[in-house]
Amino acid sequence: KRFSCDMVLLAGDLFHENRPSRRTLYKTMEILRRYTMGQDPVQIQILGDPQAINYLNPHISVDLPIFGIHGNHDDPTRDGGDLLAAMDLLHVNLLVNYFGRQTEVSQVQIAPVLIKKGTSRL
C-alpha cells in the first residue's frame with residue numbers, strides 16, 4: 001500500500017510445501033487480509049471471463065488484488081489425494097485470485113488472464 005501498487009502477481013511457490021503448517025497459513029492469511037483489504041478503488045480491469053475475481057465481490061472490500069498460480073512446491077497434485085493446496089484455501093477465503101487450478105492432471109488446460117489499466121494491457 002505504501003507504494004500504491006495496482007496488484008500483486010505471485011508466480012508460484014508462495015509456500016515451500018504443498019501443505020504448510022497451520023501457523024504458517026494463519027500468519028499468511030493475517031498478512032494478506034491486512035495488506036489487501038481496504039476502501040480504495042481497484043484501478044485495473046480483467047478482460048474476458050473474470051471467473052471469481054475477489055475485488056468484484058460486493059460483500060468484501062479489496063483494494064490490492066493478488067493474482068497467483070501454484071509452483072512446483074505448492075502444486076496440489078504433488079502429494080496426490082484430494083488435489084487441494086494452500087492456494088485453494090487462500091482463494092476460497094477471497095484473499096488471492098488463484099488461476100491455473102486443474103482438476104484433471106492428465107488434461108491440463110491453459111487460459112490467458114488479460115489485465116488492463118488505462119491503455120496498458122498485460
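The analysis underlying the following values was restricted to heavy atoms, covering all of them including side chains, and did not include hydrogens, waters or symmetry mates.
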Spacing of [atom1] belonging to [X] relative to [atom2] belonging to [Y], to within rounding of 0.5 Å:
| X | Y | atom1 | atom2 | result |
| --- | --- | --- | --- | --- |
| Arg121 | Gln45 | CZ | CD | 8.5 Å |
| Met87 | Leu14 | CE | CG | 6.5 Å |
| Phe15 | Asp13 | CZ | CG | 11.0 Å |
| Arg34 | Leu32 | CZ | CG | 10.0 Å |
| Asp63 | Ser4 | CG | OG | 10.0 Å |

Any side-chain heavy-atom pair of [X] and [Y] under 4.5 Å:
| X | Y | value |
| --- | --- | --- |
| Tyr35 | Val8 | no |
| Glu30 | Tyr26 | yes |
| Ile115 | Leu47 | no |

(message) Against Thr36, only a single residue in Leu94, Ile31, Ile66 fulfils side-chain contact (heavy atoms from CB on, under 4.5 Å); can you say which?
(response) Ile66
(message) Please determine whether side-chain contact (heavy atoms from CB on, under 4.5 Å) holds for the pair Asn93 and Met29, giving the CA-CA distance in whole Å, both sets of side-chain angles, and the decisive distance to 0.1 Å.
(response) CA-CA 9 Å; Asn93 282 287; Met29 292 172 137; 3.3 Å; yes
(request) Group every Ile, Leu, Val, Met, Phe, Trp and Tyr by side-chain heavy-atom contacts under 4.5 Å, then state whether Leu9 and Phe99 land in the same group. (result) yes
(request) Return the minimal non-hydrogen interatomic distance between Leu95 and Met37, and the atom names on each side. (result)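 Looks like CD2-CE, 3.9 Å.
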(message) Could you report the tightest heavy-atom contact between Asp6 and Pro65, atom names first, then the distance?
(response) O-CD, 3.4 Å
(request) Check the pair Tyr98 / Leu89 against side-chain contact (heavy atoms from CB on, under 4.5 Å), numbers first and verdict last. (result) CA-CA 10 Å; Tyr98 177 25; Leu89 296 176; over 6 Å; no
(request) Under the side-chain contact (heavy atoms from CB on, under 4.5 Å) rule, what do Leu90 and Asp88 come out as? Steps first, then yes or no, please. (result) CA-CA 5 Å; Leu90 299 177; Asp88 291 291; over 6 Å; no
(request) Determine, stepwise, if the pair Leu122 / Met7 fulfils side-chain contact (heavy atoms from CB on, under 4.5 Å). (result) CA-CA 12 Å; Leu122 172 65; Met7 67 184 157; 3.8 Å; yes
(message) Donor-acceptor check, side chain of Asn97 to backbone of Asn54, threshold 3.5 angstrom: yes or no?
(response) yes
